[in-house]
Amino acid sequence: MSGIADIKLDRRSFVRGALMLGAASPLLLSACSSGGDSSSGGGSGSGGDVNWLTWSDHYSNDQLAKVASNTKITGRPKLFSDNADAFLQLKQTGPQFDMVSADALWVKKYMEGGLIEPFDLTSISSSSELYAMAKNFDFLNDPKGALGYPFSWSTVQIYYNPDKVKTPPTSWESLTDPAYKGLIVAENIPTDLMAIAGIATGSKSPYAQNPEQISAASNFLGALKPNIVKLASQNNEIVTMMASGEAAIGISNLGTDVRVKDAGGPELKSAYPPEGTIGFIDSEMISAKGANKPLVKPFLDAMQKSEWIVANFTTNWRPLFNETAAKALTNDPKTADNAKRLFMDSPEKALAMTLKGPAQDQQAYTEAFNRVFGA
């Protein structure tokens with residue numbers, strides 16, 4: 001596998017946060033956090049439900065069952081694919097959801113919309129296991145407190161089955177080759193696919209394309225469409241399709257090769273597009289109006305303990321921000337190679353990505369995407 005460092009990507013949007021170590025100190029967070037923190041441990045004794053908008057790789061059913069047994073708090077996830085869809089759901093449903101996951105720059109949009117509540121990160125004891133840099137991304141912090149609990153990160157790249165793909169893809173543009181007809185699977189994330197299309201067609205600001213660039217990106221997706229066998233609802237569907245042979249090329253996260261192999265599939269190879277790519281740093285946020293909001297912090301504390309992060313890594317094989325888990329994985333001969341190869345011990349590699357975020361003109365992106373793939 002090539003290294004992330006080989007890709008020349010834009011890091012301007014968040015390098016400032018990595019340099020601001022201590023910018024959101026525990027004292028500041030404690031003093032300025034919202035009133036919801038007063039009930040951080042409240043409710044955990046009597047238990048209840050935490051309704052959660054998230055992705056399938058943020059939990060396991062065994063984990064939810066164990067956490068429910070230990071805390072009497074039952075996590076009830078509802079899955080989404082596109083950040084834009086989750087944002088709209090939370091905006092429309094108010095108290096229905098207590099917690100929501102989001103990628104990188106989407107977090108600030110949630111805060112600007114009044115949809116999430118800042119909190120004192122240090123009041124969640126599992127946060128002591130996080131890498132220091134993960135606590136200080138500017139897009140996850142606000143003068144009133146932390147906006148999200150940092151979870152995992154990954155670039156998005158191309159994986160392919162060399163047994164079925166005789167001419168390896170070498171770039172985003174190469175994926176439009178008619179030789180790949182019906183071979184490609186990607187997640188159904190319109191905003192991010194438009195961003196990738198923007199990168200493929202020369203945009204330097206893939207989430208802020210102008211009308212001419214949006215048109216070019218839409219045309220690229222039109223050329224790509226015949227080669228796409230399916231737009232998957234979740235990343236694990238990409239793994240299933242590539243393991244079964246239903247798809248031979250996947251636009252997917254780090255570790256897809258290991259997951260496909262674990263599922264009994266073929267040995268995959270990876271290709272890092274020279275045009276550049278996008279990536280995510282995702283986090284868990286507390287809904288401002290969640291009916292069961294007091295349960296979120298004790299639930300998060302239980303879910304984010306290193307033992308579960310180790311299990312999550314060895315299931316989904318993309319890096320997470322828990323340093324205690326990283327040390328356990330790199331010290332275990334069974335997992336050390338993959339932990340190092342997939343950057344579990346190198347969180348600074350996350351500073352080499354164009355971060356996922358909301359489109360500057362979300363409606364234009366959605367309409368351009370739907371012109372190709374339908375509403």
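Results of the ring-ring contact (aromatic ring centres under 6.0 Å, His included) test with Phe321 over Phe151, Phe137, Tyr149 single out Phe137 as the only residue that passes. Of the options Lys340, Lys334, Arg341, a side-chain hydrogen bond (donor to acceptor under 3.5 Å, both in side chains) to Asn338 is made by Arg341 and by none of the others.
Summarising the geometry, atom CG belonging to Asn253 is positioned 8.0 Å from atom OG1 belonging to Thr155; distances are rounded to the nearest 0.5 Å. Remark: Glu307 CD to Gln63 CD distance equals 9.0 Å, nearest 0.5 Å. Rounded to the nearest 0.5 Å, atoms CD1 (Ile228) and OH (Tyr180) are 14.0 Å apart. The distance from the OG1 atom of Thr256 to the CG atom of Leu342 is 9.5 Å, given to the nearest 0.5 Å. Rounding to the nearest 0.5 angstrom, the gap separating the CG atom in Asn227 from the CG atom in Asp177 is 7.5 Å. The line from CD1 of Ile124 to CE of Met303 is 12.5 Å long, rounded to the nearest 0.5 Å.
If you check the side chains of Asn236 and Arg259, you find no donor sitting under 3.5 Å from an acceptor. Trp308 and Asn322 share no donor-acceptor pair across their side chains, judged by distance under 3.5 Å alone. Using modelled atom types and a 3.5 Å distance limit, the side chains of Ser152 and Asp282 yield a donor-acceptor pair. Between the side chains of Lys289 and Gln96, not a single donor N or O lies within less than 3.5 Å of an accepting N or O. Side-chain atoms of Thr277 and Gln157 include no donor-acceptor pair closer than 3.5 Å. The closest side-chain donor-acceptor pair between Ser126 and Asp301 falls under 3.5 angstrom. Side chains of Asn83 and Thr191: a donor-acceptor N/O pair is absent below 3.5 angstrom, by distance only. For the residue pair Asp120 / Thr122, a side-chain donor-acceptor distance below 3.5 Å is found, with atom types taken as modelled. Using a 3.5 Å distance cut-off with no hydrogens or angles, the side chains of Arg318 and Asn235 do not pair a donor with an acceptor. Side-chain contact, Ser287 with Asp98: no donor N or O sits under 3.5 Å from an acceptor N or O.
Every residue two or more places apart in sequence or in another chain that forms a side chain to side chain contact (heavy atoms under 4.5 Å, CB included) with Leu79 is listed here: Thr54, Ser56, Tyr59, Gln234. Scored by the salt bridge (Lys or Arg N to Asp or Glu O under 4.0 Å) test, Lys230 finds Glu237 as partners (sequence neighbours excluded). Taking the salt bridge (Lys or Arg N to Asp or Glu O under 4.0 Å) definition, one finds that Lys91 meets it with nothing, sequence neighbours left out.
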### Task
Begin from the C-alpha positions of Val185 and Met242 and carry the test side chain to side chain contact (heavy atoms under 4.5 Å, CB included) through to its verdict.
CA-CA 8 Å; Val185 61; Met242 296 200 73; 4.2 Å; yes
### Query
Yes or no on side chain to side chain contact (heavy atoms under 4.5 Å, CB included) for Val107 and Leu140, after CA distance, side-chain angles and deciding distance?
CA-CA 7 Å; Val107 174; Leu140 291 186; 3.8 Å; yes
### Query
After noting the C-alpha distance and the side-chain angles of Leu183 and Lys181, does the key distance pass the side chain to side chain contact (heavy atoms under 4.5 Å, CB included) rule?
CA-CA 6 Å; Leu183 297 181; Lys181 184 176 181 179; over 6 Å; no
### Working for side chain to side chain donor-acceptor pair (under 3.5 Å), residues Ser123 and Lys297
CA-CA 8 Å; Ser123 67; Lys297 289 169 72 175; 2.7 Å; yes
### Message
Between Lys261 and Glu267, does the salt bridge (Lys or Arg N to Asp or Glu O under 4.0 Å) criterion hold? Intermediate values first, please.
### Response
CA-CA 6 Å; Lys261 188 65 176 175; Glu267 295 272 2; 3.5 Å; yes
### Message
One pair to check against side chain to side chain contact (heavy atoms under 4.5 Å, CB included): Asp142 and Met111. What are the steps and the verdict?
### Response
CA-CA 9 Å; Asp142 181 88; Met111 183 62 181; 4.0 Å; yes
### Task
Please assess Trp317 against Asp262 for the test side chain to side chain donor-acceptor pair (under 3.5 Å), listing each intermediate value before the final yes or no.
CA-CA 10 Å; Trp317 299 105; Asp262 286 349; 2.9 Å; yes
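A 4.5 Å side-chain heavy-atom check between Glu129 and Glu323 finds every atom pair outside the cut-off. Residues Phe220 and Thr176 are in side-chain contact: their nearest non-hydrogen atoms beyond the backbone lie under 4.5 Å apart. With contacts defined as side-chain heavy-atom distances shorter than 4.5 Å, the pair Leu130/Pro150 qualifies. Residues Ile158 and Thr170 fail the side-chain proximity criterion, which asks for heavy atoms closer than 4.5 Å. Within the 4.5 Å cutoff, the side chain of Ile196 has heavy atoms near those of the Val156 side chain.
Taking the six-membered ring for Trp and the full ring otherwise, Phe373 and Phe369 have centroids separated by under 6.0 Å. Ring centroid separation for the pair Phe299 and Trp52 comes in under the 6.0 Å cut-off.
With hydrogens and angles disregarded, a donor-acceptor distance shorter than 3.5 Å links the side chain of Asn136 to the backbone of Ala132. With hydrogens and angles disregarded, no donor-acceptor distance shorter than 3.5 Å links the side chain of Ser346 to the backbone of Lys349. The main-chain N or O of Lys135 is found under 3.5 Å from a side-chain atom of Asn141 such that the two form a donor-acceptor pair. Distance alone, capped at 3.5 Å, is enough to place a donor-acceptor pair between the Thr314 side chain and the Val310 backbone. Listed for the Asp82 side chain is no donor-acceptor partner under 3.5 Å among the backbone atoms of Asp85. No donor-acceptor pair closer than 3.5 Å links the side chain of Ser215 to the backbone N or O of Glu212. Gln209 places a side-chain N or O within donor-acceptor distance of the main-chain N or O of Met194, the cut-off being under 3.5 Å. Between the side chain of Ser203 and the main chain of Ser205, a donor-acceptor pair closer than 3.5 Å is present. No donor-acceptor pair closer than 3.5 Å links the side chain of Glu367 to the backbone N or O of Ala364. A distance-only check finds no donor-acceptor pair linking the side chain of Ser69 to the backbone of Ala65 [under 3.5 Å].
Atom CG of Asn70 sits in a crowded spot, with more than 12 heavy atoms from other residues, nucleotides or ligands closer than 6.0 Å.
Annotation for Val229 and Ala247: closest pair CG1-CB, 4.1 Å, computed over non-hydrogen atoms. Nearest heavy-atom pair, Lys293 versus Ala288, reported as atom, atom and distance to 0.1 Å: NZ-O, 3.0 Å. Minimum heavy-atom separation, Leu121 to Ala146: CB-CB, 4.0 Å.
Geometrically, Lys356 does not engage Tyr207 in a cation-pi contact, judged by NZ or CZ lying under 6.0 Å from the ring centre and within 45° of the ring axis.
A single hydrophobic cluster is not seen to contain both Tyr110 and Ile189; linkage of ILVMFWY side chains at heavy-atom distances under 4.5 Å, directly or through other members, places them apart. Neither Phe280 nor Ile199 shares a network with the other; the hydrophobic side chains, linked directly or stepwise wherever heavy atoms of I, L, V, M, F, W or Y lie under 4.5 Å apart, form separate groups for each. Linking ILVMFWY residues whenever their side-chain heavy atoms come closer than 4.5 Å, directly or via other members, places Leu64 and Leu53 in the same cluster. A chain of hydrophobic side-chain contacts below 4.5 Å, direct or via other Ile, Leu, Val, Met, Phe, Trp or Tyr residues, connects Ile286 to Ile73.
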